[in-house]
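See structure below.
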Amino acid sequence: MIGKCIKTTVITAAMLCFSWLSPLQAEIKVSASLTQQQVNLNDSFELRVSVSGSKQKAAINPDALTDFYVIGQGSSQSFHFVNNSFSSTAVTIFTLKAKRKGKLIIPAFSIKLEGKTYKTQPLTITVNEASAQASQKTAAAQFKEKVSAKRNADIFIQAYVDKEKAYIGEVIHYRLLLFRSVALLSDLSYELPDFGNVSSESLQRDTKTYEKVINGRRYYVQEIDKHALMAYEAGELTISPALVRVQLGVFYSSQVLESNPLTVSVLPLPEASKPAGFSGIVGDYQLTTLIDDTAAIQNKPISIRMKVSGFGDLKQINALNFEPNDAYKIYKSSVKDQIAYKDTIKGVRELEYIVVPKEEGDMLLPQFSLSYFSPKEKRYFTVSTPTKNVSVISSALSSTVLNANNEDVTLAELAQDLRYIHTTIFPSHRGFIFYESLTGLVVLFILCVYLLIYILTILFDKGLGSQLQQFVKKKPYKVAMNELRRVENMSVISEQCNALQVLLYDYLSLVIQTPAKALTTDVLKQKLKGQQVPEQSISDLIAVLNRCDFIGYAPSDSQEKSLKDLIQKVRKIFEDLKGYTS
Amino acid sequence: MKRIIAVAVILLTLSVQSVANLAKAEAFYEQQDYSNALTQYLLVLDQYPEHIDVLYNIGNCYFKLEQFGYAIAYYRKAIKWAPLDSDIQYNLELSRNFVVDEIKQDSLLNDFWQWRHKLSVNQLFYALACLIMLLITLLFLRRKVERREFLTNLSWVLSVCTVLISIWFALSMLSYSTDYGVVINKKIEVRSGPSTTLPLLFYIHEGHELRVKQRKINWCEIELSNGFKGWVKRSDLMMI
């Protein structure tokens, strides 16, 4: 599948390139050649007439080939691109068979191209005696036995044709049967007869042996050979007897048997109502096309495959007829056969054509047709593909694209275009950087709060609380002095005294790192000594505490002055103990 | 109060006018009158700068007018805010097909590097914020819940994701803060300095996307993705 796609793509791409490069075409040259220089009388060979460098299709008339039967006609086209020089070559192929033996001359063809006449060179071919005749003679010489002229009652061969009259090109079925009354047969070999002026195809023979009673005698019947014969000349067709050598067993000597000769009357094809494009095809055929596409791209190839199916010599069908049109170019691409040679010749010949649309817009695809003569109906038929309209899209914005393979229906993009505009009723979808939009700022704020909470939680878990307390405690002197100033400003002496005592005890608690108020004076002294506080400071402190107690119990206006002194002393104590509060 | 009413009236008038301009632009576009559609869209863009759909539609109009440089610039502006918008991506890629200059790069490295543009700065920011909040919530939960193993593992995964997204976000922010430009004229000269008298280094063509390293009054220093540097006239570029 991939290989086929690549092949098709390469061929079509090459064709397109060549079509663009057409101005660079080389000068016109014509030539003729033969596939063989020497042939046997019954063998076919090909004559090729090549025309290169011309845009015009050459019309070559084979009427000058009087010494030959024209069995078939076909054409092919090839392209060359060498050193930036482009050339195309159209080859017309004639399949010929010689009418007589000897040294025959193929005359020069005159071909008119672009207003000028070109001539091919004449060719010679040596035609020897027919191979079958020669082999028959050889066989007879080899056998050195007397061929049984009359029918042997125990064993004989019989040749049959399915019709006595046939048209040129019509399939005649030839069968060669062996009849034997003995069961054993150890060896059998045979030589084909000379079929005369026909082209022949070997058919699959029936390998089964069956029994048949002839004149009260039972025979084993065996099919030895089966052929499809297509005559290419009107007149009496004589099929010579076939020779068969058989050996019934090891105790018997071999014997050569001869079949009956046959004659068939070959009728010419009627001239009346012969279609214009008729090329000698005989049989019964149908023509179908395989194209599903309804759209194509300008200058991009579309592959159209036609199937010719039916009964007859399908290999004769080398091309289909179509009307040339400036809207497109047509190239023959490939031929595939599915032909069965069993009881008759039947099958399918698939012809692929490449169509390249040249103009955009609606276009009718070319209609291909085949004209043939039906021996059954005894008249000519022309079968055509149906007309199909396709939209050819401009290649300006198109990429690749039609899928040549129609059996696998794959989705293919015919053209590329912009996605359509966004229709909006109101312009609301603006592009903001997150820190310029309200949502962004809210999210940022929430995120910061979240982060802060988490960080604080972690820090508190790691003892931040105590560290903070310690941080506060590092400045107890400042706190105490501030508090002292507050106490100083109090108006009621008793409250002043109480506050002073509380402040003093709190401060001492920091020094001894134990709640000081619950301690006795002695214990407090000991604790202060333990903190290396000087004796003088301790005794001053105790004195102040006692004085506070006294004033607290007996407040009077006269003691206001002594309270002020007391506050000064407390201030001094705080200064003395400043270094012990860490 | 009077002032608030006045502002509201002005805003309402502008909105009504923009809606009318949008309707006109769409009608012109449908009629394939792309010049007039462009004019209308540009009027709307004056009122609502950085409006993604309008930027995209302007890109379409320029494309249809075969001014691929402008088209690419507007698509780039739009895709900066909506990098996942398939329409913008498609049209931008289509426009790039018409750029003459082709710079061969290590495609694997380039593809990897282009990944940073797969999400916008905003999308990355919101993703990162969500991840961080989720991670913190998990860490809080981990303190309260007895079976911590699952939450710890999940926290680790989230932490790695957060780090990666943070790096991505940082790269995007770096890219966001970098100036980019698109060539809007058919063929422009790149010189070795900000003067026409200085030697001509090379040419670049319409639609070429480049990094702007520094700007002067009439000139910009540019750097191409293959490392080529030079100076171009500012009027030859449209900044993204």
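Chain naming here is simple, since letters A, B, ... match the order of the sequence lines and numbering starts at 1 in each.
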For this session: Sort B:E30 into side chain, backbone, both or neither according to what part of it lies under 4.5 angstrom from a heavy atom of chain A.
Result: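 Both parts, backbone and side chain.
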Exercise. Between B:S86 and chain A, which part of the residue has a heavy atom less than 4.5 Å away: side chain, backbone, both or neither?
Worked result: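 When you check distances to chain A, atoms from both the backbone and side chain of B:S86 fall under 4.5 Å.
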Beyond-backbone contact of [X] with [Y], side-chain heavy atoms, under 4.5 angstrom:
{"X": "B:V121", "Y": "A:F434", "result": "yes"}
{"X": "A:I421", "Y": "B:Y41", "result": "yes"}
{"X": "B:D85", "Y": "A:H422", "result": "yes"}

Which atom names give the shortest non-hydrogen contact between [X] and [Y], and what distance separates them?
{"X": "B:M133", "Y": "A:V443", "answer": "CE-CG1, 4.5 Å"}
{"X": "A:L447", "Y": "B:A129", "answer": "CD1-O, 3.8 Å"}
{"X": "A:R419", "Y": "B:Y56", "answer": "O-OH, 3.0 Å"}

For this session: Anything under 30° is parallel, anything over 60° is perpendicular, the rest tilted; go ahead and classify A:Y420 against B:Y29.
Result: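 Plane angle over 60°, so perpendicular.
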For this session: Go through the steps for B:F140 and A:Y454 under the test ring-ring contact (aromatic ring centres under 6.0 Å, His included), then give the verdict.
Result: CA-CA 8 Å; B:F140 271 126; A:Y454 183 68; 5.6 Å; yes
Exercise. Can you tell me how far CG of B:L94 sits from CG of A:L418, rounded to the nearest 0.5 angstrom?
Worked result: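 Interatomic distance, A:L418 CG to B:L94 CG, rounded to 0.5 Å: 5.5 Å.
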Problem set entry | Step-by-step side-chain hydrogen bond (donor to acceptor under 3.5 Å, both in side chains) determination, B:Y126 to A:T439 | CA-CA 10 Å; B:Y126 292 124; A:T439 323; 4.8 Å; no
For this session: Show the numbers, then the answer: is there a side-chain contact (heavy atoms from CB on, under 4.5 Å) between B:F125 and A:L444?
Result: CA-CA 9 Å; B:F125 167 73; A:L444 199 62; 3.4 Å; yes
Problem set entry | Residue selection (most heavy-atom pairs with chain A, distance under 4.5 Å) from B:S120, B:A23, B:P49 |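 Top count of heavy-atom pairs under 4.5 Å with chain A: B:P49.
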